[in-house]
**Student:** 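I'd like to ask you about the structure that follows.
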Amino acid sequence: MEVTPVGPEDFDPDELKAVLRTMMTSRKLDDKMLTLLKQGKGFFHIGSMGHEAAQVALATHLKGGHDWFCMYYRDLGTSLEVGMTPADVLRAHFAKKDDVFGGGRQMPEHFGHRGLNIMTTSSSVGAQFVPAVGFGLAIKRDGDNGAGEKKVVYVSGGDGSTSQGAFHEAMNWAARESLPVLFHVQDNGYAISVPRSEQTASGSIWPILGGYPGMARMRYDGTDFFESYAVAQAAVAHARAGNGPVALHADVVRLLPHSSSDDHKKYRTAESIEADAKRDPIASFSARLIEAGIMTDAEVEALRTEVAKEIDALAKTIEAEPDPDPSEATTHVYYEGEDTREYEASGETGDLVVMVDAINHAMDEEMERDERVLVYGEDVGGGKGGVFTATRGLTAKYGDRCFNSPLAEHSVIGSAVGLAAAGYKPVVEIQFADYIWPAMQQIRNQVASFRYRSRGEWACPMVIRVPAGGYIHGGLCHSQNVEAMFSHFPGLQVVMPSNAADAKGLLKSAIRGEDPVIFLEHKALYRQGPARRPEPGADYLTPLGKAAVAREGSDLTIVTWGALVYKALNVAKALEKEGVNVEVIDVRSFMPFDTETVLASAKKTGRVLVAYEDHEFMGFGAEIAAQISDAAFPYLDAPVKRVAGAFSHIPYADPLEKVVLPQDDDVMEGARAVLAY
């Protein structure tokens, strides 16, 4: 890229005065919020002092509400330049009801504004990088959508965030796909107290940025507005033209401690603090304007005073505004609009189908119905169709709407965040539940809280397909059960079908829903004969949050799910020969959980066994047992008993696996114990 230098003479004077006002506004907001903290008005602040020139210079080339923004917590100047108001910033500081970031749900400086396309910000370092790839993928698919000027994605972070694997995953994917993403590294030399020399090979991220073919890069003095402007102009033009991503490495200064909870005098010398103060971007920009005859010293000071008075007055006004309503503290965890899906509609069924084929057909039909549905993951696209063939034929039929991702689970989920927020419906596959853990940052701190922390302004509905469970001799890392873990995260829906009809109906409901769904598929049931069912039609939907009575009975209830459903049914058949009538409840859905059906059965039979494959200790069955004991105790004739897996990793050898995972005999023993009490 060619960078054309600019100076004061290349701008309209009023434009430069507006830039100075924005920079001063950012600075005064930081100063004011710190003062408010000292007065006991607020709880936290993290400032952008020293970053203003790099931020405002780049943002002048971007358009709020048109481009996409994945900010980090120091992007105050950027946010102001693309349309955020000082009132928005102060409402977040005071955590007021009308705080546009999230109505007091987020800490201050966690920028978010749906109207400006500023994605709700997560505290987790680096969590913003891969969602930016998702927005870039959306732009690449959409083109300009008739808007004329193509969109770009702005994503930023400090030098410390470049140590995160997510940063490099995002750079790799953006470079490989030639996405219009601007990576803005605001390098102030410190990750809280740790200097970049202790963070990064060679002491700087700059040489590493050159390691991604297809990624343009530029390094510049981020305290110099004019140099930053010239670089930004070239970078944004490059990305808008479809020439791929750009890594912008801005050398800036941090004129404050990391946050209001930090004291940088504990780890920085007085000399280094003083040296940074001499590079104050507002002081140097003001000096350039005075030198060019655009403003006088007195005019600069008058503007500073004017901005200060405006912010002081505004703060008093915002402080008097209403606080959030306590009754709304638990709202917007899930979608709260009308559910227009029609469930369990009667219709003709087809031939018997195995579960993995029902899943394949569900995705096929939903991709046919809605062109926003995208299917991707490792080994998902092309002729292979996934390691279990669940996506076979979809690439051949739908082209690049079913594609392979990099082998990086964080990237799979993180990119889906951006795609979903941009209006697509990602259906992504994590090849085995055992390998979902690299994506935990995105699932817990990005996906699950996305709607809540933005007070319902942002959402990222997606389906995360996860083959799970044992009984396949998969050993430690191909047999794990994860339903209890993910059911503990507010904002996620979690289901596990045990048969082909439910698999198809639940998956279609999940795809058509408004919330993120962890869709667990038990691998041992994919082609198992007992799990076959007549295939429901294309419009048949199974509701999430409704358990199924797999077998009616009156003497004992077995509550179960997944592969254990069939072990429970085997036990029920055997006990029937002894005159015992067993009811089997297939949970199907963990979040939302059908407490009503489970309690009704418990009250009817008076005896309950909860059977599940995961570890007994802290497994989801413990929650079910607790709910029954709490709500149905007067109806019980025996304590609620659990039969579950051992508190052990799952071994490979058949005789070892049989000891660790519950077998038919274990379920029978548990049933007899409850019946004999």
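Sequential numbering from 1 along the given sequence is applied to the chain's residues. These values consider heavy atoms only, across backbone and side chains, with no hydrogens, waters or symmetry-generated copies.
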**Student:** Strictly distance-based, threshold 3.5 Å: is any side-chain N or O of S204 a donor or acceptor partner for the main-chain N or O of T200?
**Tutor:**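 Looks like no, no N/O pair under 3.5 Å.
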
**Student:** Looking at every non-hydrogen atom in both residues, tell me the closest pair between Q446 and P131 and how far apart they are.
**Tutor:**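 It is NE2-CG, 3.7 Å.
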
**Student:** Do any N or O atoms from the side chain of K150 and from the backbone of P180 form a donor-acceptor pair under 3.5 angstrom?
**Tutor:**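 Judged by distance alone, no pair lies under 3.5 Å.
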
**Student:** Restricting to non-hydrogen atoms, name the atom on W68 and the atom on A421 that form the minimum distance, rounded to 0.1 Å.
**Tutor:**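 Heavy-atom minimum between the residues: CH2-O, 4.2 Å.
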
**Student:** Output a table of donor-acceptor pairs, distance under 3.5 Å, between side-chain atoms of residues 188-195 and any protein atom two or more places apart or on a different chain; print 'none' if there are none.
**Tutor:**
{"unit_1": "N188", "atom_1": "OD1", "unit_2": "Y190", "atom_2": "N", "d": "3.1"}
{"unit_1": "N188", "atom_1": "ND2", "unit_2": "H51", "atom_2": "NE2", "d": "3.1"}

**Student:** Below 4.5 Å, heavy atoms only, C-beta onward: do T120 and Q106 meet side chain to side chain?
**Tutor:**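 They are in side-chain contact.
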
**Student:** Rounded to the nearest 0.5 Å, how far does CG of L179 lie from CD1 of I139?
**Tutor:**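 Here the interatomic distance stands at 8.5 Å.
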
**Student:** Please report the closest heavy-atom contact between P245 and F183, naming both atoms and the distance.
**Tutor:**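 Smallest heavy-atom distance, with atoms named: CB-CE1, 4.3 Å.
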
**Student:** Once you measure the plane-to-plane angle for F11 and F225, does it fall in the parallel (<30°), tilted (30-60°) or perpendicular (>60°) bin?
**Tutor:**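 F11 and F225: tilted rings.
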
**Student:** For the residue pair R74 and H258, establish whether any side-chain heavy-atom pair is separated by less than 4.5 Å.
**Tutor:**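 Side-chain contact under 4.5 Å: yes.
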
**Student:** Is a side-chain donor or acceptor of S26 paired with a backbone partner of M23 at a separation under 3.5 angstrom?
**Tutor:**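 No, the answer is negative, given that no donor and acceptor are paired below the 3.5 Å cut-off.
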
**Student:** Between CD of E321 and CG of L90, what distance do you get to the nearest 0.5 Å?
**Tutor:**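 Answer rounded to 0.5 Å: 9.5 Å.
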
**Student:** Heavy-atom distance under 4.5 Å between the side chains of L492 and R444, does that happen here?
**Tutor:**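 A side-chain contact is absent here, since even the closest heavy-atom pair is not under 4.5 Å.
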
**Student:** Going through the checks in order, is the side-chain contact (heavy atoms from CB on, under 4.5 Å) test met by Y72 and I46?
**Tutor:** CA-CA 11 Å; Y72 91 123; I46 189 163; over 6 Å; no

**Student:** I'd like to know whether T60 forms a side-chain contact (heavy atoms from CB on, under 4.5 Å) with E15, so could you lay out the CA-CA distance, the side-chain angles of the two residues, the decisive distance to 0.1 Å, and finally the verdict.
**Tutor:** CA-CA 10 Å; T60 57; E15 184 180 358; 5.8 Å; no

**Student:** Checking D10 side chain against G7 main chain: does a donor-acceptor pair fall under 3.5 Å?
**Tutor:**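 Checked: pair present.
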
**Student:** With heavy-atom distances below 4.5 Å as the criterion, would you say the side chains of L58 and T78 are in contact?
**Tutor:**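 Not touching, per the 4.5 Å side-chain cut-off.
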
**Student:** Taking the six-membered ring for Trp, is the centroid-to-centroid distance between H61 and Y229 below 6.0 Å?
**Tutor:**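 Yes, they do, as the ring centres are separated by less than 6.0 Å.
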
**Student:** Under a 4.5 Å cut-off applied to non-hydrogen side-chain atoms, are N172 and E169 in contact?
**Tutor:**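 The answer is no; the side chains never approach within 4.5 Å.
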
**Student:** Measuring from K38:NZ to M33:CE, what's the distance to the nearest 0.5 Å?
**Tutor:**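 That separation rounds to 13.5 Å.
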
**Student:** Atom CD of E306 and atom CE of M24: how far apart are they, to the nearest 0.5 Å?
**Tutor:**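 The CE atom of M24 is 10.0 Å from CD of E306, to the nearest 0.5 Å.
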
**Student:** Can you list every pair that meets salt bridge (charged side-chain N to carboxylate O under 4.0 Å, His left out) and has a residue in residues 98-113, with sequence neighbours left out?
**Tutor:**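 Qualifying pairs, neighbours excluded: none.
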
**Student:** Taking the basic N atoms (NZ, or NE/NH1/NH2) and the acidic carboxylate oxygens, is any pair closer than 4.0 Å for R240 and D67?
**Tutor:**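 Yes, this pair counts.
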
**Student:** Between D251 and R279, does any side-chain N to carboxylate O distance fall below 4.0 Å?
**Tutor:**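 Judged by the 4.0 Å cut-off on N to carboxylate O distance, D251 and R279 do not form a salt bridge.
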
**Student:** Within a strict 4.5 Å, meaning less than it, do heavy atoms of the H249 and L209 side chains meet?
**Tutor:**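 Side chain of H249 against side chain of L209, heavy atoms only: contact under 4.5 Å found.
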
**Student:** Taking all non-hydrogen atoms of both residues, which atom of H264 and which atom of L255 are closest, and how far apart?
**Tutor:**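 Taking every non-hydrogen atom into account, CE1-O, 4.4 Å.
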
**Student:** Would you mind checking if E310 and K28 are paired as a salt bridge, meaning a charged N to carboxylate O distance below 4.0 Å?
**Tutor:**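 Looking at E310 together with K28, the answer is no, because their closest N to O distance does not fall below 4.0 Å.
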
**Student:** Please give me the minimum heavy-atom distance between V82 and L116, naming the atom from each residue.
**Tutor:**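 Heavy-atom minimum between the residues: O-CD2, 3.4 Å.
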
**Student:** Quick check for you: to the nearest 0.5 Å, what is the distance between I208 atom CD1 and S202 atom OG?
**Tutor:**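 Output value for this atom pair is 5.5 Å.
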
**Student:** May I ask you to decide whether K316 forms a salt bridge with E319, counting only side-chain N to carboxylate O separations under 4.0 Å?
**Tutor:**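 No, no charged N to carboxylate O under 4.0 Å.
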
**Student:** Could you work out, with side-chain hydrogen bond (donor to acceptor under 3.5 Å, both in side chains) as the rule, every residue matching Y424, not counting sequence neighbours?
**Tutor:**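 Listed in chain order: D142.
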
**Student:** Could you report the tightest heavy-atom contact between A247 and M171, atom names first, then the distance?
**Tutor:**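 What the structure gives for the nearest pair is CB-CE, 4.0 Å.
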
**Student:** Check the orientation of F135 and W458. Use parallel for under 30°, tilted for 30 to 60°, and perpendicular for over 60°.
**Tutor:**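 F135 and W458: perpendicular rings.
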
**Student:** Any side-chain heavy-atom pair from L16 and R288 closer than 4.5 angstrom?
**Tutor:**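 SC-SC contact between L16 and R288 ruled out.
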
**Student:** Would you say that Y154 contacts M71 through its side chain, given a criterion of any heavy-atom pair below 4.5 Å between the two side chains?
**Tutor:**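 Of all side-chain heavy-atom pairs linking M71 with Y154, at least one is under 4.5 Å.
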
**Student:** If the test is salt bridge (charged side-chain N to carboxylate O under 4.0 Å, His left out), which one of D88, D325, D323 qualifies with K96?
**Tutor:**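 Testing each of D88, D325, D323 against K96, the sole residue satisfying salt bridge (charged side-chain N to carboxylate O under 4.0 Å, His left out) is D323.
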
**Student:** Please evaluate residues M218 and M1 with respect to the criterion side-chain contact (heavy atoms from CB on, under 4.5 Å), reporting the C-alpha separation (whole Å), side-chain torsions for both, the decisive distance (0.1 Å), and the verdict.
**Tutor:** CA-CA 9 Å; M218 288 187 281; M1 288 178 295; 3.2 Å; yes

**Student:** Please confirm whether the backbone N or O of N445 pairs with a side-chain atom of S122, one donor and one acceptor, at under 3.5 Å?
**Tutor:**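 Yes, S122 side chain to N445 backbone: donor-acceptor pair under 3.5 Å.
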
**Student:** Step by step, work out the salt bridge (charged side-chain N to carboxylate O under 4.0 Å, His left out) result for K32 and D312.
**Tutor:** CA-CA 7 Å; K32 182 63 178 179; D312 287 341; 3.3 Å; yes

**Student:** State plainly whether the residues E149 and K63 are in salt-bridge range, i.e. N to O under 4.0 Å.
**Tutor:**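 Salt bridge present between E149 and K63.
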
**Student:** Strictly distance-based, threshold 3.5 Å: is any side-chain N or O of H93 a donor or acceptor partner for the main-chain N or O of K41?
**Tutor:**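 A pair under 3.5 Å: yes.
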
**Student:** Please name all residues satisfying side chain to side chain contact (heavy atoms under 4.5 Å, CB included) with S261, sequence neighbours left out, ordered by chain then number.
**Tutor:**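 So S261 forms a side chain to side chain contact (heavy atoms under 4.5 Å, CB included) with F44, S259.
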
**Student:** Under 3.5 Å, is there a donor-acceptor pair between the side chain of R217 and the main chain of W206?
**Tutor:**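 It does hold such a pair.
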
**Student:** I need the N117 CG to K151 NZ distance, nearest 0.5 Å.
**Tutor:**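 Rounded to the nearest 0.5 Å, the CG-NZ separation comes out at 6.0 Å.
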
**Student:** For the backbone of L248 and the side chain of H184, can you confirm whether one donor and one acceptor N or O come within less than 3.5 Å of each other?
**Tutor:**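 No, H184 side chain to L248 backbone: no donor-acceptor pair under 3.5 Å.
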
**Student:** Listing request: all ring pair (Phe, Tyr, Trp, His ring centres under 6.0 Å) pairs with a residue in residues 16-41, at least two apart in sequence or in separate chains.
**Tutor:**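 The answer is none; no pair qualifies.
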
**Student:** For P13, enumerate each residue passing the side chain to side chain contact (heavy atoms under 4.5 Å, CB included) test, keeping only those at least two apart in sequence or located in another chain.
**Tutor:**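 Checked P13 against side chain to side chain contact (heavy atoms under 4.5 Å, CB included); matches are I294.
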
**Student:** Check step by step if side-chain contact (heavy atoms from CB on, under 4.5 Å) holds for W173 and L137.
**Tutor:** CA-CA 10 Å; W173 199 338; L137 290 169; 3.9 Å; yes

**Student:** Can we call the ring centroids of F69 and F111 under 6.0 Å apart?
**Tutor:**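 Centroid distance F69-F111: not below 6.0 Å, so no.
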
